[in-house]
There are 4 protein chains.
Amino acid sequence: MAGINKVILVGHLGKDPEVRHLESGSSVANFTLATNDYYKDKSGTRVERTEWHNITAWRGLAEVAEKYLKKGHQIYVEGKIRTRQYQDKDNQTRYITEIVADEITMLGSRPHGEGAQTQNHQPAEAQTFRQEPEIDQLPF
Amino acid sequence: MAGINKVILVGHLGKDPEVRHLESGSSVANFTLATNDYYKDKSGTRVERTEWHNITAWRGLAEVAEKYLKKGHQIYVEGKIRTRQYQDKDNQTRYITEIVADEITMLGSRPHGEGAQTQNHQPAEAQTFRQEPEIDQLPF
Amino acid sequence: MAGINKVILVGHLGKDPEVRHLESGSSVANFTLATNDYYKDKSGTRVERTEWHNITAWRGLAEVAEKYLKKGHQIYVEGKIRTRQYQDKDNQTRYITEIVADEITMLGSRPHGEGAQTQNHQPAEAQTFRQEPEIDQLPF
Amino acid sequence: MAGINKVILVGHLGKDPEVRHLESGSSVANFTLATNDYYKDKSGTRVERTEWHNITAWRGLAEVAEKYLKKGHQIYVEGKIRTRQYQDKDNQTRYITEIVADEITMLGSRPHGEGAQTQNHQPAEAQTFRQEPEIDQLPF
DNA sequence: TTTT
DNA sequence: TTTT
């Protein structure tokens, strides 16, 4: 029975994306995204908590990430949770949970005054980018 | 700047929830949820992939989980991603990613014929349960 | 600047889908979906509210709807909100809001005992169906 | 059987919120939100489509809307779809579909250079606001 | 470890 | 018009 595995994030990139171009011809981009949460604890003190997410973007989205996304940008990411296992340097099995992006939208707008157009702001042509389904992603 | 950290899952419980009643008076339930995905690989073969999610439910949702949820049940879960670190038995820092549930809805319906009411089916009174915000969860 | 327009519904079909095969070769399916909500009013009385949604599914999803979906089935629908205007019989402009489906997943499972396999239950092969992007739906 | 009725929008306010303070003591804010979509039609021409949503925010969220939201701001809205019927001036039954907000997050950040702090930019303290459940909204 |  |  099929299920649903959907993640929706709005946050800021912790670093510029790292993009690798695989021998297969595919590209893959990795970056971290911070989502900030606020709450009051039992004493009424405002507590801030930052959650860091590992984002993975493939193919067309990887190229978009490489071209447009920079550290500090605020983006919307839609994707799915995927936990991979790998062997660490001591040959122990470890797990890492990543968000595989299906859609990325750049948020905010270009500031208008002096000091605008700095490195941390999105280009005017910012928009929504979706992963085009490829042969190994078709739902049937 | 605040962000969004939202997860939506539809899947089946891999085991009955384990519920602990803390000294503080809070309850917490843990269970795994499988979300199944299907796709065709490059050769056209249908490939199935199961993703396992660690679900954590607190307080009222923990009690609901204890009372109503059983291995095999299909549920809708809405929540947020949280990665915790802990020290393993070799005193190494390890990370675990969990989904903290904000809302759980039981899916499917009680079968009508003979053989109904078996252990893997939801009670007739199945419905949606939401986490009531408590003092340590208020957004301001 | 691009935006996000996303709807996630879990509910029951109010009627069998009506499917039209257009001269262009496209198919389109329409059906209604009920989502039920419960709350307690100020006097503590449990109040039930049903929201009816107009669902539209195009092309491959329309054919899936025609083949698999029946009145009473419980499904997950992901899509976008679209408000259309039309002229009513008095030539006045009217508006109708619909959910254009991008993904449909059949929920629940076939009951096992006697009385199973009745008209209102999903086929065993139930799964997730996604709209394949077509030329008039590409994001760029 | 309970259902899910969830809407997620990212867009810009079409006008300043209109806030009414009801005799009951409740407040309600109304505003429109534009979500922009882009696609290529069959001839490959880039087509832009703007969807306008009617947003309704109650109580604490209405006061937040009144205080912080202005025409042109980019926000994230999470809520539910609700279609109301009313009698128009010719005493005919009409329907209007609205999004009742459960959570609003202000997006973008204060621009840093000259010309910053203009009317269309969010305050530095921008954050996430959630509807606190009240007696007539509790899920049980 | 679920489900089909 | 669904479902419980």
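This structure is a prediction, so every number in the text was calculated from the model and none was measured. Reminder, nothing fancy here: chain letters follow the sequence lines and each chain counts from 1.
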Identify the heavy atoms of C:A101 and C:L61 that sit nearest to each other, and give their distance.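 Heavy atoms only, the tightest pair is O-CD1, 3.5 Å.
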
Starting from [atom2] on [N], measure out to [atom1] on [X] and report it in whole angstrom.
X	N	atom1	atom2	answer
C:L33	F:dT1	CG	P	16 Å
B:E48	E:dT2	CD	P	12 Å
B:E51	E:dT2	CD	P	16 Å
B:I75	E:dT3	CD1	P	13 Å
C:K15	F:dT3	NZ	P	15 Å
C:L107	E:dT3	CG	P	15 Å
C:L9	F:dT1	CG	C1'	16 Å
B:K70	E:dT2	NZ	C1'	15 Å

Which one, [options], comes nearest to the side chain of [X]?
X	options	value
C:T50	F:dT3, F:dT2, E:dT3	F:dT2
B:K71	F:dT2, E:dT3, E:dT1	E:dT1
C:N36	F:dT3, F:dT1, E:dT3	F:dT3

With distance as the sole test, does C:N5 use its side chain to make a donor-acceptor pair with the main-chain N or O of D:T35 at under 3.5 Å? no

Spell out, as yes or no, whether a donor-acceptor pair under 3.5 Å connects the side chain of C:D90 to the backbone of C:Q92. no

With centres under 5.5 Å and planes under 30° as the test, does C:W52 stack with F:dT1?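 Yes, aromatic ring over the base.
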
Under the criterion salt bridge (charged side-chain N to carboxylate O under 4.0 Å, His left out), I'd like the reasoning laid out for B:D37 against C:R130: C-alpha separation, chi angles, the key distance, then a yes or no. CA-CA 12 Å; B:D37 224 342; C:R130 280 181 217 128; 3.5 Å; yes

